[in-house]
Amino acid sequence: MIIAPDDVGKRLDIFISEANGVTRSAAQRLIENELVTVNDHPAAKNYRLRAGDEVETELPEPVPLDAEPQDIPLDIVYEDADLLVVNKPKGMVVHPAPGNPDGTLVNALLWHICDLSGINGVMRPGIVHRIDKDTSGLLIVAKNDAAHLALAEQIKAHSFEREYQAIVVGTPRDECGVVDAPIGRNPRDRKKMAVVPDGRPARTHYQLLERFDGFSHLSLTLETGRTHQIRVHMAHIGHPVMGDEVYGANRTRFEKQAARLISGQCLHAKRIGFVHPTTGEFLRFDSELPAYFTELLRLLREG
């Protein structure tokens, strides 16, 4: 493909990651294995794209999956030959990783579907975008590589709608606004993300839905999809997500009183919208807030 003007100056590994919907490390492996060419020649991962460059990527055949199918119930909101939309419960990990080798959404998907896109490798088949373990809500899964690439391109172009709802500590000064702050690894703790000057661009829009004593109910939409983006951005502006044990402050009196309802961040992926990769139809799905979330809202309203 001939690169777009917006991609001029971008590192090759970042471009390949965004263009193909793969992780940056996976993009670097493709480059190292000379499966990526620039103007018909292999290039280094840190090559900076120039105007007129033609980039070609040869995606390898999927290798057998390491994750094992498991008979775990799924809340499937929509399904067809190309994709499915799943309502993930709070507490479920999306894909196997150290410390969570099974019991994940991927294990459940492999039992239900058996065949998923292989672009994201053996441990993340079909996963187009992720949500954290303690974030509930809607997630789209690709059944084939063509659907995966088309959906990843929509995310890159910021045309993929994602609305979350959260309960946050305090109330933002403005009822609606945008947090535009780059996100990267926290230089003091590599396991965490943070707003850093040399981070990747990240934009989160917020809208106040309801104000309480010491808390707020917000709607949040993403332009970008950085790791922990909402949690990092809300903490950055002084309004961490309720229950966030990584980016939040000490628990408030209310959070201690309602501890039975709070297990990790109070964040729900409520709505997604996208163009179907085969039919071209725009689809939008909405999910109900989980029971713990609505109970917390009830308690906050009662004061």
Side-chain angles (χ1 to χ4, degrees), residues 1 3-7 10-27 30 49 55 57 59 77-78 80 82-88 94-95 105-106 109 116-121 124-132 135 137-164 178-184 193 199-206 219-233 267-287:
M1 76 177 69
I3 67 162
D6 289 348
D7 291 320
K10 187 176 291 184
R11 278 178 56 119
L12 180 61
D13 55 352
I14 294 174
F15 173 79
I16 294 301
S17 172
E18 295 174 348
N20 294 283
V22 299
T23 63
R24 190 165 171 182
S25 58
L30 291 172
L49 295 172
V55 179
T57 305
L59 294 173
V77 177
Y78 173 84
D80 62 26
D82 295 303
L83 58 90
L84 71 160
V85 177
V86 178
N87 193 20
K88 185 189 84 68
V94 171
H95 58 76
L105 178 64
V106 163
L109 288 168
L116 296 165
S117 82
I119 287 176
N120 268 354
R124 303 180 185 181
I127 302 302
V128 179
H129 64 116
R130 292 177 289 163
I131 54 179
D132 300 330
T135 299
L138 297 176
L139 192 70
I140 188 168
V141 178
K143 290 186 175 182
N144 55 67
D145 289 355
H148 196 140
L149 289 171
L151 292 164
E153 184 61 31
Q154 291 180 51
I155 293 176
K156 179 187 174 186
H158 310 313
S159 60
F160 190 99
E161 292 185 5
R162 285 172 288 178
E163 180 203 346
Y164 291 71
V178 181
V179 183
D180 189 349
I183 291 176
M193 308 303 288
R200 300 178 69 187
R203 286 172 61 88
T204 304
H205 297 254
Y206 67 84
S219 168
L220 304 116
T221 56
L222 299 179
E223 279 193 38
T224 53
R226 309 305 176 211
T227 301
H228 301 170
Q229 179 171 320
I230 289 174
R231 299 165 61 191
V232 171
H233 272 173
L267 183 62
H268 178 70
K270 195 171 192 310
R271 179 175 57 85
I272 59 172
F274 55 91
V275 175
H276 192 282
T278 299
T279 67
E281 179 185 3
F282 187 84
L283 302 177
R284 182 180 285 117
F285 300 95
D286 193 279
S287 63

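Just so you know, these numbers come straight off a predicted model, no measurement behind them.
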Student check: side-chain heavy atoms of Ile16 and Val55 closer than 4.5 Å:
yes

I'd like to check Val232 versus Thr204 (side-chain heavy atoms, cut-off strictly below 4.5 Å). Are they in contact?
no

Just by modelled atom types, is the Thr135 backbone N or O under 3.5 Å from a matching donor or acceptor in the Lys88 side chain?
yes

Distance (rounded to the nearest 0.5 Å) between Phe285 CZ and Ile140 CD1
8.0 Å

What is the distance from atom CG of Asn20 to atom OG1 of Thr57, rounded to the nearest 0.5 Å?
4.5 Å

Rounding to 0.5 Å, atoms OG1 (Thr221) and CZ (Arg203) come to a distance of 10.0 Å

Closest non-hydrogen atom pair between Glu153 and Ala19, with its separation:
OE1-O, 4.1 Å

May I ask you to decide if Ala147's main-chain N or O and Asn144's side chain share a donor-acceptor pair within less than 3.5 Å?
yes

In terms of the angle between their ring planes, are Tyr78 and His276 parallel, tilted or perpendicular, with boundaries placed at 30° and 60°?
perpendicular

Identify the two heavy atoms, one from Thr227 and one from Ile183, that lie closest to each other, and give their separation to 0.1 Å.
O-CG2, 4.2 Å

Leu267 vs Ile131, test: side chain to side chain contact (heavy atoms under 4.5 Å, CB included). Steps then yes/no.
CA-CA 10 Å; Leu267 183 62; Ile131 54 179; over 6 Å; no

Quick check against the 3.5 Å criterion: does Lys270 have a side-chain atom that pairs as donor or acceptor with the backbone of Tyr164?
no

To the nearest 0.5 angstrom, please state how far the NE2 atom of His205 sits from the CG atom of Leu222.
9.0 Å

Separation between CD of Gln229 and CD of Glu223, rounded to the nearest 0.5 Å:
9.0 Å

Arg231 vs Asp132 side-chain heavy atoms within contact, under 4.5 Å:
yes

Closest heavy-atom pair, Arg226 versus Ala202, reported as atoms and distance to 0.1 Å, is CG-CB, 3.7 Å

Pairing of Lys143 and Asp82 as salt bridge, 4.0 angstrom limit
no

Measure the spacing between CG of Leu138 and CZ of Arg284 and express it to the nearest 0.5 Å.
12.5 Å

Aromatic contact, Tyr206 with His233 (centres under 6.0 Å):
no

Leu49 versus Asp7, closest heavy-atom pair with distance
CB-O, 3.7 Å

Between the main-chain N or O of Leu83 and the side-chain N or O of Asp80, is there a donor-acceptor pair closer than 3.5 Å?
yes

Which atoms form the tightest heavy-atom contact between His129 and Ile155, and what is the distance?
CB-CD1, 4.1 Å

Which heavy atom of Asp13 sits nearest a heavy atom of Arg24, and at what distance?
OD2-NE, 3.3 Å

Taking C-beta and beyond as the side chain, do Val128 and Phe274 meet within less than 4.5 Å on heavy atoms?
no

Main-chain N/O of Val275 paired with Gln154 side-chain donor or acceptor, under 3.5 Å
yes

